[in-house]
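The sequence lines fix the lettering, A, B, ..., with proteins before strands; numbering per chain opens at 1. All heavy atoms count here, side chains included; hydrogens, waters and symmetry mates do not.
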Number of protein chains: 2
Amino acid sequence: MEDLCLKNTLRLLQSADQIKARLSGDFSSVHGLSVNEVFLLMHLEQAPLHRLSRVELAKRMHVSASTVTRMAAPLEKIGVVARQADSRDARLAFVVLTQTGLERVAEARMTFAKQAGYVFRDRWTDEDLCQLSDLLHRLIADAPGDLT
Amino acid sequence: MEDLCLKNTLRLLQSADQIKARLSGDFSSVHGLSVNEVFLLMHLEQAPLHRLSRVELAKRMHVSASTVTRMAAPLEKIGVVARQADSRDARLAFVVLTQTGLERVAEARMTFAKQAGYVFRDRWTDEDLCQLSDLLHRLIADAPGDLT
DNA sequence: CCGAATCGCTTGCGCATGCAAGTTGTTTGC
DNA sequence: GCAAACAACTTGCATGCGCAAGCGATTCGG
């Protein structure tokens with residue numbers, strides 16, 4: 001029982017490392033964005049009003065708040081996100097997706113899907129993929145920020 | 001079809017980030033080893049003679065060769081691995097698990113399994129776990145270095 | 001054989017990230 | 001109301017990592 005959990009956890013982490021290694025290469029060269037930057041944009045995309053506070057973004061991305069601060073700066077500079085204050089709480093500094101950002105994330109999703117296709121190749125049936133999708137969904141169902 | 005691949009890839013990466021975030025906390029405080037260091041030791045553990053060359057280790061861990069060099073140094077210092085030369089090829093510098101290292105990785109595996117158990121809690125049946133295990137195995141089957 | 005290409009490993013450098021401390025703004029307890 | 005606790009964000013510092021360059025060792029082509 002516990003051994004099965006261990007096996008699954010190990011395989012999950014190894015699969016993720018493998019996939020991340022494959023993606024990191026082909027990605028930044030295409031869109032000028034890193035994988036993590038695209039993930040940040042995707043989180044904004046699926047959020048109401050296309051915006052999130054920095055701490056909320058940090059929670060959903062499983063990174064520290066300082067990382068969000070530093071990731072957002074260059075993204076503002078290239079105009080894919082903007083900073084937005086809250087009239088009720090002056091501490092809040094929302095990160096909001098711009099129109100340009102929306103277009104960029106749509107493009108990035110395309111190449112992401114293409115690469116994802118290579119990962120599963122042709123040996124996977126739709127049924128396999130649905131099964132895996134359902135199982136993985138149960139792992140992230142309770143946490144906020146599912147990008148699918 | 002491609003959307004299913006995309007969905008699975010996103011969920012896989014998100015699940016892995018989530019699990020890694022949970023593990024990183026409870027781990028180094030217990031064994032004085034980081035998650036990645038334990039992974040390195042596990043790769044050695046399942047290798048013939050409990051040893052691997054640095055480049056082979058790099059491939060299996062999906063990191064660069066320089067990372068292996070720098071990870072091995074402190075592990076040598078605390079005595080869980082040792083450096084071993086090859087009589088045939090003087091370029092090779094194997095990383096070999098010591099007796100102490102064997103014990104340490106066994107301990108680490110225990111707490112790893114414990115944490116893995118928390119990840120899946122009690123809502124997962126053995127059948128679910130086997131299904132997920134099989135599916136994930138297909139993702140890493142072609143690459144060397146499966147730790148399970 | 002000998003030079004050139006290749007390989008395994010290490011090192012310098014830059015970038016990304018977490019942690020802790022600091023700043024500013026808000027909420028709570030009295 | 002006011003002080004103390006708390007929250008959101010930023011910044012300094014240390015660490016970990018990839019890339020490219022460098023160095024010794026091996027292999028290959030002639």
Is a salt bridge present between A:D17 and B:K20, judged by a nitrogen-to-oxygen distance below 4.0 Å?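 Yes, this pair counts.
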May I ask you to decide whether B:R91 forms a salt bridge with B:D89, counting only side-chain N to carboxylate O separations under 4.0 Å?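 Counted as a salt bridge, because a side-chain N and a carboxylate O are separated by less than 4.0 Å.
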Interface with DNA chain C, restricted to residues 80-90 of chain A and to heavy atoms under 4.0 Å: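 Within residues 80-90 of chain A, the residues near DNA chain C are A:R88, A:D89, A:A90.
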Is the backbone of B:T69 close enough, under 3.5 Å, to the side chain of B:R54 for a donor and an acceptor to pair up by distance?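 No, B:R54 side chain to B:T69 backbone: no donor-acceptor pair under 3.5 Å.
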Just call it for A:S34: base, sugar-phosphate, or nothing, with non-hydrogen atoms closer than 4.0 Å on any strand.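 Counting heavy atoms under 4.0 Å across all strands, no contact is made by A:S34.
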What is the nucleic acid contact for A:V68, judged by heavy atoms within less than 4.0 Å: base, sugar-phosphate only, or nothing?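 The answer is nothing, as A:V68 stays clear of every strand by at least 4.0 Å.
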May I ask you to test the B:L132-B:W124 pair for a side-chain heavy-atom distance under 4.5 Å?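 The answer is yes, as the side chains (C-beta and beyond) meet within the 4.5 Å cut-off.
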Walking along DNA chain C from 5' to 3', note the first and the last nucleotide with an atom under 4.0 Å from a heavy atom of chain A, and give both.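 Both ends considered, the range comes out as C:dT17 to C:dT26.
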Assign each of A:R91 and B:S66 to its nearest nucleotide of DNA chain C by heavy atoms, then name whichever residue's nucleotide is nearer the 5' end.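 Closest to the 5' end, via its nearest nucleotide, is B:S66.
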Bounds of contact between DNA chain D and chain A, in 5' to 3' order, using a heavy-atom cut-off under 4.0 Å: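 First and last nucleotides in contact are D:dA7 to D:dC13.
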List for me each residue that meets ring pair (Phe, Tyr, Trp, His ring centres under 6.0 Å) alongside A:F94, sequence neighbours excluded, and say none if there are none.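 Testing A:F94 for ring pair (Phe, Tyr, Trp, His ring centres under 6.0 Å), a comparison that skips the adjacent residues, returns none.
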Near-strand residues of residues 13-24 of chain A, defined as heavy-atom separation under 4.0 angstrom from DNA chain D: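 Heavy-atom cutoff 4.0 Å gives no residues at all.
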Restricting to pairs with a member in residues 130-146 of chain A, which pass side chain to side chain donor-acceptor pair (under 3.5 Å), not counting sequence neighbours?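 Matches after skipping sequence neighbours: A:S133-B:R11, A:H137-A:D146, A:H137-B:R11, A:R138-B:D128, A:D146-A:T148.
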